[in-house]
Colleague: 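Mind having a look at this structure? Questions to follow.
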Amino acid sequence: MDKRNNDFDFDFTPIGQAIKNARKAKGMTREQLARIVDYDPRHLQAIENEGQYPGMELFIQLITMFDISVDEYIHTGSKAEKSSVRRRVDTLLDGLDDRELSVIEATINGLCKAKEPEE
């Protein structure tokens with residue numbers, strides 16, 4: 001008889017949503033992704049929206065393809081080094097030249113200034 005604790009109750013839905021958001025951020029449809037990973041679009045929809053657990057191979061493929069950090073979802077009590085959104089933004093920033101980065105920097109400075117309390 002198997003004496004391991006099989007009462008593992010992990011909600012995969014937030015990771016599925018992160019996969020969906022990352023896929024959409026890349027402008028990729030579920031059908032396009034299904035062709036790339038060779039899985040049925042309905043299976044991917046269940047992972048993204050219903051919290052269905054993917055197999056380990058597909059899981060690794062998806063989080064690698066979309067640069068998703070799962071630490072923030074698995075270790076919910078501790079802060080991840082960088083969130084999935086932060087990692088995607090970092091990847092996008094790598095594709096910009098210095099002139100384009102200066103626009104981003106000015107935007108960030110404006111956002112930070114807007115968050116400061118008025119004196």
Side-chain angles (χ1 to χ4, degrees):
M1 180 173 186
D2 188 354
K3 297 182 185 211
R4 292 178 285 183
N5 179 0
N6 291 324
D7 293 329
F8 181 68
D9 188 26
F10 178 77
D11 183 11
F12 193 82
T13 306
I15 298 175
Q17 287 294 303
I19 292 167
K20 180 179 183 177
N21 293 338
R23 173 182 59 75
K24 287 183 167 187
K26 286 195 172 203
M28 184 182 296
T29 67
R30 191 175 292 125
E31 289 72 22
Q32 290 169 323
L33 176 59
R35 284 192 296 276
I36 292 168
V37 297
D38 196 27
Y39 279 86
D40 189 83
R42 174 64 182 102
H43 181 60
L44 296 174
Q45 185 270 330
I47 291 168
E48 291 179 349
N49 295 332
E50 299 167 15
Q52 180 176 332
Y53 295 166
M56 183 59 81
E57 183 179 332
L58 178 58
F59 177 68
I60 298 296
Q61 191 173 14
L62 291 171
I63 64 170
T64 302
M65 178 185 293
F66 295 119
D67 199 23
I68 296 171
S69 172
V70 296
D71 283 354
E72 65 187 286
Y73 304 102
I74 295 173
H75 302 289
T76 56
S78 61
K79 185 165 172 58
E81 187 175 316
K82 287 188 178 181
S83 71
S84 296
V85 173
R86 177 64 177 264
R87 290 171 53 141
R88 287 194 305 273
V89 168
D90 285 347
T91 300
L92 292 170
L93 291 174
D94 288 342
L96 302 178
D97 62 28
D98 283 345
R99 185 177 59 80
E100 294 161 333
L101 286 171
S102 67
V103 172
I104 300 299
E105 181 181 26
T107 303
I108 292 170
N109 285 332
L111 287 170
C112 291
K113 186 173 182 179
K115 285 175 54 174
E116 293 175 0
E118 292 185 27
E119 294 180 23

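The first residue of the sequence shown is numbered 1, and numbering continues consecutively from there.
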Colleague: With salt bridge (Lys or Arg N to Asp or Glu O under 4.0 Å) as the rule and sequence neighbours excluded, what pairs involving residues 41-58 come up?
Modeller: Arg23-Glu48, Arg30-Glu48, Arg42-Glu50

Colleague: Would you kindly confirm whether Val70 and Leu33 end up in one hydrophobic cluster when ILVMFWY residues are joined by side chain heavy atoms under 4.5 Å apart?
Modeller: yes

Colleague: How long is the gap from CD1 on Ile15 to OH on Tyr53, to the nearest 0.5 Å?
Modeller: 9.0 Å

Colleague: Considering residues at least two apart in sequence or located in another chain, which fulfil the side-chain hydrogen bond (donor to acceptor under 3.5 Å, both in side chains) criterion with Asp97?
Modeller: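 Listed in chain order: nothing, the list is empty.
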
Colleague: Mind checking whether Asp67 and Asp90 have side chains closer than 4.5 Å, heavy atoms only?
Modeller: no

Colleague: Which pairs pass ring-ring contact (aromatic ring centres under 6.0 Å, His included) with one or both residues in residues 27-48, sequence neighbours excluded?
Modeller: Tyr39-His43

Colleague: For Glu31, check side-chain hydrogen bond (donor to acceptor under 3.5 Å, both in side chains) against everything at least two apart and list the hits.
Modeller: none

Colleague: Could you see if Leu92 belongs to whatever hydrophobic cluster contains Phe66? Use Ile, Leu, Val, Met, Phe, Trp, Tyr and a side-chain cutoff under 4.5 Å.
Modeller: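 Result: no, two separate clusters.
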
Colleague: Show me, pair by pair, the donor-acceptor contacts under 3.5 angstrom made by side chains of residues 104-114, not counting sequence neighbours?
Modeller:
from, atom 1, to, atom 2, distance (Å)
Thr107, OG1, Val103, O, 2.9
Asn109, ND2, Glu105, O, 3.4

Colleague: Which heavy atom of Gln32 sits nearest to which heavy atom of Gly27, and what is that distance?
Modeller: OE1-O, 3.9 Å

Colleague: For residues Leu62 and Ile68, determine if any side-chain heavy atom of one lies less than 4.5 Å from a side-chain heavy atom of the other.
Modeller: no

Colleague: If you measure from CD on Gln52 to CG on Leu44, what distance do you get to the nearest 0.5 Å?
Modeller: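 So the CD of Gln52 and the CG of Leu44 are separated by 9.5 Å.
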
Colleague: Of all residues at least two apart in sequence or in a different chain, which pass the side-chain hydrogen bond (donor to acceptor under 3.5 Å, both in side chains) check with Asp40?
Modeller: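 Partners of Asp40 under the side-chain hydrogen bond (donor to acceptor under 3.5 Å, both in side chains) test: none.
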
Colleague: Not counting sequence neighbours, which residues clear side-chain hydrogen bond (donor to acceptor under 3.5 Å, both in side chains) with Ser102? List them please.
Modeller: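 If we apply the side-chain hydrogen bond (donor to acceptor under 3.5 Å, both in side chains) test to Ser102, skipping adjacent residues, there are no hits.
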
Colleague: State, to 0.1 Å, how close Asn49 and Lys20 come at their nearest heavy-atom pair, and which atoms those are.
Modeller: OD1-NZ, 2.9 Å

Colleague: Kindly give the heavy-atom pair with the smallest separation between Arg88 and Ala25, and that separation in Å.
Modeller: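 Minimum heavy-atom separation between Arg88 and Ala25: NE-CB, 4.5 Å.
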
Colleague: Can you name the side-chain contact (heavy atoms from CB on, under 4.5 Å) partners of Thr13, sequence neighbours left out?
Modeller: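 Only Asp11, Gln17 meet the side-chain contact (heavy atoms from CB on, under 4.5 Å) criterion with Thr13.
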
